[in-house]
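Below is one structure, written out as structure tokens; the observations come after it.
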Amino acid sequence: MNSLILDRISKSYNTFRAVDRVSFAIGDGQLFGLLGPNGAGKTTTMRMIMNIIVPDSGKIVILGQSFRESLKNKIGYLPEERGLYPKMKLVSHLQFLGEMKGMEAAKAKKKAYEWLERFQLGKWAGDRIQNLSKGMQQKVQFIGAVIHSPELLIVDEPFAGLDPINTRFLKDILLEMKKAGKSILLSTHLMDQAEKLCDSICLINKGQVLLRGEINQIKQKYSYNSVLLEYQGDSDFVHRIPFVRKIDDYGNFMELRLDEDADPQELFKLLAGSGLIIKKFEISDASLNEIFIEQVKGSEK
Amino acid sequence: MKKILKIIKREFLTKVITRGFLIATILGPVLIIGIMLLPAYFMTVSSETPVTIGLVDQASDFKEKLDDIFSDTLKSGAQRISFVTIFPMEYSAESEKYKKLLEEGTLNAILIIPQDILEFPSVTYIARTVSDLELMQRLKNGLSIVINREQLRRAGLDPDQINKMTRDVSIQSIKIERGEEKERGFDQEYMSALIFLVILYMTIIVYGSSIMRSVIEEKTSRIIEVLLSSTNSFQLMMGKLLGVGSVGLVQYVIWGVMALLAFMIATTSIPGISDYISVSPSLIFYFILFFIIGYFTFSTLYAAVGALCSDMQDAQSLSTPVTLLVVLPFMISFMVIRDPTTDIARILSLVPFFTPLIMFLRILLIHPPAWEIGLSIFINVLTIVGIIWLAGRIYRVGILMYGKRPTIPEILKWIQYR
């Protein structure tokens, strides 16, 4: 069953088509990535799912129902523009958000404390939000989106501005929620994050879907014959190897695209005899990042 | 609906537990009580205090005639204005002594009547303060009558005829209130009307702009989108209006109860004061009612303005039209206080935006017919429903708009959005 189905939804502002016939479906318990460059229409799409913006056309089915106000209690939403009541106490703020999702006051309070504990914010439960650091505030924002254990979680750029420790922490929580059977829609422009986390993705640019499907299939389909190389020394001669079609050279790291019928082992032999210090040699699928750039560039031609 | 209640609860708690609210709520009654009781107290004191005037009567026969005219008595039975004769010789010899008497308050004033007063009607009034206009006016009237009578007598008219021709007109102001007649002085009527008017006006402005500020705060802190994932913009707006409104209502009720208590204490402890207090329970009821009407009319507009603004600077200029809508009735109401019976006042009291201040004033001053009050409430409730609908449409789009200030055609388009 699908937790969320978008069927050709569109939204225009005057003559500008912010979202143009976007369709995708998220299966139960799936972690789904909505990818795209800045201004692609990710946030508008998410707002339409939450019925904050009404689509001009198209159909949205959430948890088997078309939109109704009561559905909001089953969805958690972390908007891109984060918001908190700066003057409220942490726990009251979270309790209020919980209650707004239909929780009983006492239960919301209890859950708020549990989550704060989990995010190591228990000490600050009674403090005003404005007194917290940015990072802490971001954690509070995330708790606000999940306090009511939603069936469907929609998070817009959840990792933006987080330090590596908190990024990992958040990632773990998302995976744990997925394990618990929740469906998650995540938007990001960080491809390596998406690549590691998501089961399926939908890539949009300028409001239109460029690519959609399970991440493994996509990678297979777009897999080019490529090699990742970490090295030290003069790499000039690599450029002259005839079956290397394209090189992204970063100085001590390069990404090589080989001819389709070329054998990477041949390359390895050449490198081994070259005097170049090879630190790492990896035969890779195309990275999502590469596919992303390729697709976006292609669509803009 | 349950979510509206949660929003109301949050607004209420965050607004009530503030220093500003406590100060306003406690100082408010003190102010009202002061406002209500002080003028009444002064009226009681000044009208119940006998006035003694030293009369330097160079024309020699004025004392008796003045006594005749100023014959009214106080509740205690004493003469309200009594005259003490000072012989002119004595006065010119010992004027220092009399000045001292004035300063001590033994004499309230000295009135010098010249010998040729009938030819040149001019007297000298000496007092510590010359601002007791009411007393001076009465003296002037009384003296005029005496002079007129004297001149008529000299012209050879019959004393009976003279008395008939020169009767002093006495005005007793009577206000009809729920069929009861009450004697009232204009000044104190004017005062209490003014005070209620200012409180009504101030609270409408204060609560209205507080709504606007709170909408802008939610916009700038970007909490609005989080809230929209739990509820919709209409519930958000209504929750805010009702939440802040209930804070205002609580404040009014506290004030009302304290005013009534003060009224009860005052009437039992200072006899006679009730005649001078123009605050009745029905008045407090109307006061609260018209606060509610005014609050919803203007706060809804302020909420819509808040939704249009991205920051407080925008708010300054965008809220001007709404503020004008509050200020204009306030200015006009000064005209209404002067004469609440004009047709303009009658019509304006039925016009939305004007009703809260002007109908309240009319109720306070002249007790208009019940159907007019009912009609004004009906018209205003309809207006409020309309404004809420309109503001809801603006709010819905506006709260997610940041950056550039929308133009009027844009706002009109927002209203038409699906």
Side-chain angles (χ1 to χ4, degrees), chain A residues 13-14 43-44 46-47 49-57 67-89 92-105 108 128-130 137 140-142 144-145 147-148 150 152-156, chain B residues 1-20 213-236 238-240 243 307 310 393 395-404 406-407 409-410 413-414 416-418:
Chain A
Y13 294 103
N14 298 322
T43 298
T44 308
M46 290 184 152
R47 282 182 175 175
I49 298 168
M50 292 312 296
N51 202 47
I52 291 170
I53 298 174
V54 183
D56 297 335
S57 62
F67 180 83
R68 60 201 62 192
E69 208 55 39
S70 61
L71 271 174
K72 286 186 174 174
N73 288 354
K74 295 181 182 167
I75 312 174
Y77 178 54
L78 180 72
E80 187 183 15
E81 296 280 9
R82 305 296 151 71
L84 296 162
Y85 282 113
K87 291 194 176 127
M88 280 180 96
K89 291 174 181 164
S92 335
H93 172 85
L94 291 174
Q95 184 189 337
F96 171 67
L97 290 184
E99 286 184 56
M100 287 298 287
K101 289 287 188 186
M103 293 172 86
E104 293 299 323
R128 286 178 200 279
I129 288 173
Q130 59 191 4
Q137 292 190 2
V140 177
Q141 279 152 349
F142 183 79
I147 188 167
H148 58 295
L152 173 66
L153 178 65
I154 298 174
V155 282
D156 202 352
Chain B
M1 194 57 215
K2 212 173 155 198
K3 289 182 179 175
I4 291 189
L5 288 176
K6 301 282 183 199
I7 301 169
I8 293 174
K9 189 178 106 187
R10 199 200 75 84
E11 289 290 336
F12 186 84
L13 291 179
T14 51
K15 290 280 179 320
V16 167
I17 309 172
T18 61
R19 211 171 301 149
R213 232 174 311 120
S214 125
V215 173
I216 296 172
E217 270 168 22
E218 285 190 351
K219 267 187 86 171
T220 49
S221 75
R222 313 273 165 160
I223 186 83
I224 228 124
E225 204 174 338
V226 176
L227 297 178
L228 285 177
S229 75
S230 305
T231 176
N232 56 38
S233 63
F234 188 73
Q235 289 188 335
L236 221 51
M238 286 314 288
K240 196 169 272 299
S310 299
R393 306 225 116 201
Y395 201 80
R396 191 182 45 152
V397 184
I399 46 176
L400 287 172
M401 290 283 172
Y402 294 97
K404 72 181 172 70
T407 59
E410 276 174 325
K413 210 182 283 167
W414 292 4
Q416 289 158 19
Y417 276 163
R418 193 158 64 92

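Every chain is numbered from 1 and lettered A, B, ... according to where its sequence line falls, protein lines coming before strand lines.
- Of the listed residues (Leu13(B), Thr14(B), Ile224(B), Leu227(B)), the one with the most heavy-atom contacts under 4.5 Å to chain A is Leu227(B).
- The candidate with the highest count of non-hydrogen atom pairs below 4.5 Å against chain B, out of Gly76(A), Pro79(A), Ser92(A), Ala105(A), is Pro79(A).
- Ion pairing between a basic and an acidic side chain is recognised when a charged N comes within 4.0 Å of a carboxylate O; Lys3(B) and Glu69(A) show no such pairing.
- Here the shortest heavy-atom pairing between Gly243(B) and Phe12(B) reads O-CD1, 4.0 Å.
- With chain A as the partner, the residue from Glu218(B), Lys413(B), Lys2(B) showing the most heavy-atom pairs under 4.5 Å is Glu218(B).
- Heavy-atom pairs under 4.5 Å with chain B peak, among Lys87(A), Met50(A), Glu99(A), at Glu99(A).
- The shortest heavy-atom contact between Ile129(A) and Gln137(A) is O-NE2, 3.1 Å.
- Between the Lys72(A) side chain and the Leu228(B) main chain, a donor and an acceptor come within less than 3.5 Å of each other.
- Considering only residues two or more places apart in sequence or on other chains, Glu217(B) meets the salt bridge (charged side-chain N to carboxylate O under 4.0 Å, His left out) condition with none of them.
- Interface residue Phe96(A): only side-chain heavy atoms are found under 4.5 Å from chain B.
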